[in-house]
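One structure below.
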Amino acid sequence: MAFLPIIVAPDPRLKLTCDPVIDVTDELRQLMDDMLDTMYDAPGIGLAAPQVGVTKRVIVVDVTKNDDERHPYQMVNPKITWRSEELLDYEEGCLSLPEQYAQVSRPEKIRIKYLDFDGNAQEIETSGILATCIQHEMDHLDGVLFVDHISKLRRDLIIRKLKKYKAQLSSKKVGVRG
Ligand code: GNR
Ligand code: NI
């Protein structure tokens, strides 16, 4: 069990395009397990590798609320093969944008292909919050954050708040009182 530090925006590491995984090794499985631990601990309903500083196309998701009915997904090289025309508006948050929320509109249903924990090819159709979360995580793999889907005015407001938040964090670290 390991908890990985989560990168907070703005940070150039959250803007990178991640590399496809060539094969699913034990090392990658360890990363996926550490990502799930980190996500549950945060707590969050999804986490993408770049949020913990790894530029690989790996995401984990679990939208269940109850701790004893967990249904985690660990996805490698996820690819959307179909999206519905109907959209769903959902109030999104992000562990890399702490305490910031905004309505984002995305396809309500999607079909995705991916490699699972064992390296086997899977294809599933999902809808609702699970579909929203998977799309949010997949955006991270291309350096896209939920604020990139809203107006520049709202995005700039959120980024300004995050800069303040990070400045406060770093001043606390060096022992300056705010
Ligand atoms: O924990 C999270 N909650 C959430 C809520 C609505 C839409 C997407 C998400 S994902 C987010 C965790 C995260 O930042 N994943 O990248
Ligand atoms: Ni996120």
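Clustering ILVMFWY residues whenever any of their side-chain heavy atoms sit less than 4.5 angstrom apart, transitively, puts Val58 in a cluster other than the one holding Ile124. The cluster map of Ile, Leu, Val, Met, Phe, Trp and Tyr, joined by side-chain heavy atoms under 4.5 Å apart, puts Met39 and Val52 in the same cluster. Grouping the Ile, Leu, Val, Met, Phe, Trp and Tyr side chains by contacts below 4.5 angstrom, directly or via other members, places Ile45 apart from Leu36. Residues Ile129 and Ile134 fall within the same hydrophobic cluster, defined by Ile, Leu, Val, Met, Phe, Trp and Tyr side chains chained together at heavy-atom separations under 4.5 Å. Tracing side-chain contacts under 4.5 Å through hydrophobic residues (I, L, V, M, F, W, Y), one reaches Tyr114 starting from Val63; they form part of the same cluster.
Within a 6.0 Å sphere centred on NZ of Lys15, other residues, nucleotides and ligands contribute more than 12 heavy atoms. Shown here is Glu99, whose CD atom has no more than 12 heavy atoms of other residues, nucleotides or ligands within 6.0 Å. Within 6.0 Å of NZ in Lys109 there are 12 or fewer heavy atoms belonging to other residues, nucleotides or ligands. Within a 6.0 Å radius of CZ in Arg70, other residues, nucleotides and ligands contribute more than 12 heavy atoms.
Expressed to the nearest 0.5 Å, how far CE of Met1 lies from CG of Asp33 amounts to 10.0 Å. Taken from CG in Asn77 to CG in Asp19, the straight-line distance is 10.0 Å, to the nearest 0.5 Å. Here the CD1 atom belonging to Ile158 is positioned 14.0 Å from the OH atom belonging to Tyr165, to the nearest 0.5 angstrom. To the nearest 0.5 Å, atom CD of residue Glu108 and atom CZ of residue Arg83 are 14.5 Å apart. A distance of 9.5 Å separates CG in Leu162 from CG in Leu145, rounded to the nearest 0.5 Å. From Ile110, atom CD1 reaches atom CG of Leu88 across 11.5 Å, with rounding to the nearest 0.5 Å.
Between the side chain of Lys161 and the backbone N or O of Gln100, no donor-acceptor pair lies under 3.5 Å. Formation of a donor-acceptor pair under 3.5 Å by the Asp23 side chain with backbone atoms of Thr25 is not found in this model. Not one N or O on the side chain of Arg111 forms a donor-acceptor pair closer than 3.5 Å with the backbone of Thr81.
In this structure, Tyr73 and Ile59 have side chains that are not in contact, with every pair of non-hydrogen atoms separated by 4.5 Å or more. The shortest side-chain heavy-atom distance between Gln135 and Ile80 falls under the 4.5 Å cut-off. Side-chain contact between Ile112 and Met138: present, with at least one pair of heavy atoms (C-beta onward) separated by less than 4.5 Å. Val60 is not listed as a side-chain neighbour of Glu137, based on a closest heavy-atom distance of 4.5 Å or more. The closest side-chain heavy-atom distance from Met35 to Val54 is not below 4.5 Å. Contact annotation: the side chain of His136 approaches that of Phe146 to within less than 4.5 Å [non-hydrogen atoms, C-beta and beyond]. With contacts defined as side-chain heavy-atom distances shorter than 4.5 Å, the pair Val24/Gln74 does not qualify. When side chains are defined from C-beta on, His140 counts as touching Cys94, because their heavy atoms get closer than 4.5 Å.
When all heavy atoms of Asp139 and Arg106 are compared, the pair lying nearest together is OD2-NH1, 3.0 Å. The two atoms that bring Tyr40 and Pro72 nearest to each other are OH-CB, 3.6 Å, heavy atoms only. Annotation for Ala2 and Thr38: closest pair O-OG1, 3.6 Å, computed over non-hydrogen atoms. Closest heavy-atom contact between Gly119 and Leu115: O-CD2, 3.7 Å. Taking both residues in full, the closest heavy atoms of Pro50 and Ile7 are given as O-CD1, 3.7 Å, listed atom of the first, atom of the second, then distance. Lys56 and Leu141 get closest at one heavy-atom pair: O-CD2, 3.7 Å.
Partner Leu47 forms a side chain to side chain contact (heavy atoms under 4.5 Å, CB included) with one of Leu95, Leu4, Val61 and no other, that one being Leu95.
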Exercise. Is there a side-chain contact (heavy atoms from CB on, under 4.5 Å) between Cys18 and Thr55 once you walk through the steps?
Worked result: CA-CA 4 Å; Cys18 295; Thr55 51; 4.3 Å; yes
Problem set entry | Check against side-chain contact (heavy atoms from CB on, under 4.5 Å), Asp148 and Arg155 | CA-CA 7 Å; Asp148 296 317; Arg155 176 166 59 248; 3.8 Å; yes
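Between Lys113 and Glu123 there is no salt bridge, since none of the side-chain N atoms of the basic residue sits less than 4.0 Å from a carboxylate O of the acidic one. Remark: Asp142 engages Arg57 in a salt bridge, criterion side-chain N to carboxylate O under 4.0 Å.
Side-chain contact check for Gln30 and Asp34: at least one donor-acceptor pair (N or O, by modelled atom type) lies under 3.5 Å. For the residue pair Thr64 and Asp62, a side-chain donor N or O sits within less than 3.5 Å of a side-chain acceptor on the partner.
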